[in-house]
Amino acid sequence: MFHKDTLRLIKKTFKRFLTILLMVLIGVSFMVGLLATKPIMHKSVDIYYDEKNFMDVQLFSSYGFNEEDVEYLKNQEIIEDVFASRFVDVFGKLNDQVYVTRVQELKSDINQFELISGRMPENEKEALTLGSSSFGTVFEEGETVQLYLEDSNIKDSLKYKEYTIVGTVKTPQYMASSKETSTLNNLTLEAVIFVDNEDLKSEYYTSVYLTLTGSKDYVSFTNEYKDFIEDKKIELEEIASKQENYQKEVIIQKIE
């Protein structure tokens with residue numbers, strides 16, 4: 001009897017019933033889509049990270065890193081890949097506007113970039129600029145950027161004072177919505193350019209990027225990946241403790 005009454009009521013108010021049914025279906029579909037978006041986006045970004053060999057850990061040192069440090073890291077079983085990098089934070093002047101600019105090495109095995117417009121540099125005085133959601137594109141292709149430091153000679157850090165931008169890139173290293181703090185009096189970083197590796201003159205490496213053995217078996221945004229990295233950090237700290245004073249002693253010996 002209940003079912004007959006229900007069917008009779010549906011027939012009498014079929015248009016209203018159909019409207020409510022469609023609203024429920026749309027609501028359910030929308031909710032299912034929302035719930036599926038997060039894992040799909042995480043998986044997509046993780047694939048992108050793996051393709052570009054995105055770092056698991058970045059090492060910094062007040063004294064810098066030398067070749068012995070790098071070789072020591074390469075010989076550790078928990079470390080899959082090592083890239084020792086140089087960068088320098090400078091002021092970049094363009095059309096009377098000054099931007100806090102990071103100059104990085106063009107060639108890198110880790111945190112590989114993708115050319116999204118323009119072309120690759122064909123000589124040492126050409127550079128690429130970063131275009132990303134957080135930085136935007138500060139320098140345009142075809143523009144020449146003048147680089148300088150307020151408290152020292154830029155030529156001590158870089159081979160050239162000017163670079164012409166010939167292409168725009170994106171890299172997983174700069175995907176966060178927040179901008180990094182530069183080494184220039186803690187000013188906010190506003191632009192990044194990539195130049196020939198040999199143009200950076202520092203005797204020591206500024207930072208070292210690491211990928212860890214087995215890290216690509218995890219999706220980067222999961223708790224399993226975070227736990228994996230935390231466990232490896234303990235081992236990395238033990239490795240670093242054995243090597244941390246070596247560079248300091250080298251510098252002291254050179255001063256003496």
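Residue numbers count from 1 along this sequence. These values consider heavy atoms only, across backbone and side chains, with no hydrogens, waters or symmetry-generated copies.
Side-chain atoms of Asn185 do not come within 3.5 Å of backbone N or O of Leu187 as any donor-acceptor pair. Checked by atom type and distance alone, the side chain of Asn75 pairs as donor or acceptor with a backbone atom of Glu71 at under 3.5 Å. Without hydrogens or angle criteria, Gln76 side chain to Tyr72 main chain gives a donor-acceptor distance under 3.5 Å. Gln97 places no side-chain N or O within donor-acceptor distance of the main-chain N or O of Leu94, the cut-off being under 3.5 Å. Judged purely by atom type and a 3.5 angstrom limit, Asn123 uses its side chain to pair as donor or acceptor with the backbone of Lys125. No donor-acceptor distance shorter than 3.5 angstrom exists from the side chain of Glu235 to the backbone of Lys232, with no hydrogens or angles considered. Judged by distance alone, the side chain of Asn197 and the main-chain N or O of Lys107 form a donor-acceptor pair under 3.5 Å. Although no hydrogens or angles enter the test, the distance criterion places no donor-acceptor pair under 3.5 Å between the side chain of Thr211 and the main chain of Glu80. Checking side-chain atoms of Thr129 against main-chain N and O of Ala191 turns up no donor-acceptor pair under 3.5 Å. Looking at Thr101, its side chain does come within 3.5 Å of a backbone N or O of Tyr99 through a donor-acceptor pair.
Counting heavy atoms from C-beta on, the side chains of Tyr205 and Asn66 never come closer than 4.5 Å. Counting heavy atoms from C-beta outward, Ile47 and Val45 have side chains that stay 4.5 Å or more apart.
Of the residues Val82, Leu210, Asn53, the one that meets the side-chain contact (heavy atoms from CB on, under 4.5 Å) test with Ile110 is Asn53. Among the candidates Val100, Asn186, Asp89, the single residue satisfying the side-chain contact (heavy atoms from CB on, under 4.5 Å) test with Thr181 is Asn186.
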> Would Asp69 and Tyr204 satisfy side-chain hydrogen bond (donor to acceptor under 3.5 Å, both in side chains), going step by step from the backbone distance to the final call?
Replying inline: CA-CA 10 Å; Asp69 294 326; Tyr204 306 111; over 6 Å; no

>> Is there a side-chain hydrogen bond (donor to acceptor under 3.5 Å, both in side chains) between Tyr174 and Glu180? Walk through the geometry before answering.
In response: CA-CA 9 Å; Tyr174 297 103; Glu180 290 188 24; 4.6 Å; no

> Can Thr168 and Glu141 be said to form a side-chain hydrogen bond (donor to acceptor under 3.5 Å, both in side chains), step by step?
Replying inline: CA-CA 7 Å; Thr168 304; Glu141 294 162 22; 2.9 Å; yes

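Looking at every heavy atom in both residues, Thr213 comes nearest to Glu77 through OG1-O, 3.0 Å. Heavy-atom minimum distance, Phe87 versus Thr183: CE1-CG2, 4.4 Å. In plain terms, the two heavy atoms of Val103 and Val195 that are nearest each other are CG1-CG2, 3.6 Å. Annotation for Ile116 and Lys170: closest pair CG2-CG, 3.9 Å, computed over non-hydrogen atoms.
Residues Ser207 and Ser85 bring no donor and acceptor atom of their side chains to less than 3.5 Å of each other. With no hydrogens or angles considered, a side-chain donor-acceptor pair links Asp56 and Tyr225 at under 3.5 Å. In summary, the side chains of Gln173 and Tyr209 do present a donor paired with an acceptor at a separation below 3.5 Å, with no hydrogens or angles considered. No hydrogens or angles considered: a donor-acceptor pair under 3.5 Å links the side chains of Asp199 and Tyr163.
A single hydrophobic cluster is seen to contain both Leu212 and Tyr218, as judged by linkage of ILVMFWY side chains at heavy-atom distances under 4.5 Å, directly or through other members.
Partners of Asn111 by side-chain hydrogen bond (donor to acceptor under 3.5 Å, both in side chains), not counting sequence neighbours: none found.
Ion pairing of Lys159 with Glu124 is present here, as a side-chain N (NZ or NE/NH1/NH2) and a carboxylate O approach within less than 4.0 Å.
Within the 6.0 Å centre-distance limit, the rings of Phe54 and Tyr49 are counted as a close aromatic pair. Side-chain rings of Phe194 and Phe113 approach one another, their centers coming within less than 6.0 Å.
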